[in-house]
Amino acid sequence: MAIAEDTIREALKEVIDPELFVNIVDLGLIYDIKQEDQESGGNHVAVDMTMTSPACPAGPQLMAQSQAAVEKLEGVDEVEIKLVMTPPWTPDRMTEDARDQLGIF
């Protein structure tokens, strides 16, 4: 049974960029979330995410934390976090909350 995408996004908000101190959802790092029902009754969740720069030193940490955050959700059997660099991240992907937090107007 599918989990609401909002529920997955809320779980991903627990993941905080260690350099900017803003969650990865508000930063605009989550590009896509897909789900597939498994025969076991659970879900396979695939998340496409990016980094603020291709050389982001926190990349592996953010991906591991994202996987752990989604795995905690009830009904999730398997999580796949895929790092994508296309399209490149830009500050316009950030929410107003993130811009306020970082002082970007």
Side-chain angles (χ1 to χ4, degrees):
M1 184 157 166
I3 299 164
E5 185 172 323
D6 287 349
T7 302
I8 296 170
R9 286 188 181 277
E10 282 302 312
L12 288 167
K13 283 185 177 183
E14 295 173 10
V15 181
I16 307 295
D17 183 292
E19 294 173 321
L20 300 175
F21 306 107
V22 176
N23 75 70
I24 62 173
V25 174
D26 286 345
L27 278 175
L29 300 183
I30 302 302
Y31 280 3
D32 194 25
I33 297 173
K34 294 183 184 107
Q35 297 182 61
E36 286 179 23
D37 290 335
Q38 300 292 298
E39 287 180 22
S40 64
N43 277 339
H44 171 237
V45 178
V47 177
D48 287 356
M49 69 180 291
T50 195
M51 299 293 144
T52 54
S53 76
C56 177
Q61 174 187 350
L62 292 175
M63 291 177 68
Q65 288 177 356
S66 297
Q67 180 157 351
V70 177
E71 282 175 342
K72 283 192 241 174
L73 294 173
E74 190 174 328
V76 174
D77 280 351
E78 192 178 330
V79 178
E80 175 187 357
I81 305 293
K82 183 177 168 191
L83 182 62
V84 295
M85 289 295 171
T86 306
W89 178 87
T90 62
D92 356 327
R93 294 193 55 87
M94 292 190 293
T95 63
E96 287 300 319
D97 286 346
R99 289 172 194 270
D100 290 349
Q101 218 173 323
L102 296 172
I104 298 171
F105 304 102

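- The CG atom of Asp17 lies 8.5 Å from the CD atom of Gln61; values are rounded to the nearest 0.5 Å.
- Looking at heavy atoms from C-beta onward, Met85 lies in side-chain contact with Leu83 at the 4.5 angstrom threshold.
- Considering only heavy atoms from C-beta on, Asn23 stays 4.5 Å or farther from Val15 through its side chain.
- Remark: Lys34 NZ to Asn43 CG distance equals 14.5 Å, nearest 0.5 Å.
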(message) Run the side chain to side chain contact (heavy atoms under 4.5 Å, CB included) test on Trp89 and Met94 for me, step by step, so that the C-alpha distance in whole Å, both residues' side-chain angles and the decisive distance to 0.1 Å come before the verdict.
(response) CA-CA 9 Å; Trp89 178 87; Met94 292 190 293; 3.9 Å; yes

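- Contact of the Met49 side chain with the Ile24 side chain is registered, since non-hydrogen atoms from C-beta on lie closer than 4.5 Å.
- The side-chain contact (heavy atoms from CB on, under 4.5 Å) test applied to Asp92 returns Thr90, Arg99, not counting sequence neighbours.
- Taken to the nearest 0.5 Å, the CG atom of Asp48 stands 5.0 Å off from the CG atom of Asp32.
- Among Leu29, Ile30, Leu62, the single residue meeting the side chain to side chain contact (heavy atoms under 4.5 Å, CB included) criterion with Thr50 is Leu29.
- Side-chain contact between Leu12 and Asp26 is absent, with no heavy-atom pair separated by less than 4.5 Å.
- Ile8 places a side-chain heavy atom less than 4.5 Å from the side chain of Ile33.
- With Gln35 contributing its side chain and Ile3 its backbone, the two residues share a donor-acceptor pair below 3.5 Å.
- In this structure the side chain of Met51 reaches within 4.5 angstrom of the side chain of Met63, judged on heavy atoms.
- Under the 4.5 Å side-chain criterion, counting only non-hydrogen atoms from C-beta, Glu80 is not in contact with Val47.
- Summarising the geometry of Pro57 relative to Pro60, their closest heavy-atom pair is O-CD, 3.9 Å, with the distance given to 0.1 Å.
- Note that the CD atom of Glu78 and the CD atom of Glu36 stand 9.0 Å from one another [nearest 0.5 Å].
- The main-chain N or O of Val70 is never found under 3.5 Å from a side-chain atom of Glu14 such that the two would form a donor-acceptor pair.
- Taking all atoms of both residues into account, the shortest heavy-atom contact from Ala69 to Ala11 is CB-O, 3.5 Å.
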(message) For Lys82 and Val84: C-alpha separation, side-chain torsions, deciding distance, then whether side chain to side chain contact (heavy atoms under 4.5 Å, CB included) applies.
(response) CA-CA 6 Å; Lys82 183 177 168 191; Val84 295; 4.1 Å; yes

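- To the nearest 0.5 angstrom, Ile81 atom CD1 is 11.5 Å from Gln65 atom CD.
- In this structure, Ser66 and Val79 have side chains that are not in contact, with every pair of non-hydrogen atoms separated by 4.5 Å or more.
- Val22 and Ile104 fall within a single hydrophobic cluster, where Ile, Leu, Val, Met, Phe, Trp and Tyr side chains are chained together by heavy-atom contacts under 4.5 Å.
- Here the OH atom belonging to Tyr31 is positioned 4.5 Å from the CZ atom belonging to Arg93, to the nearest 0.5 angstrom.
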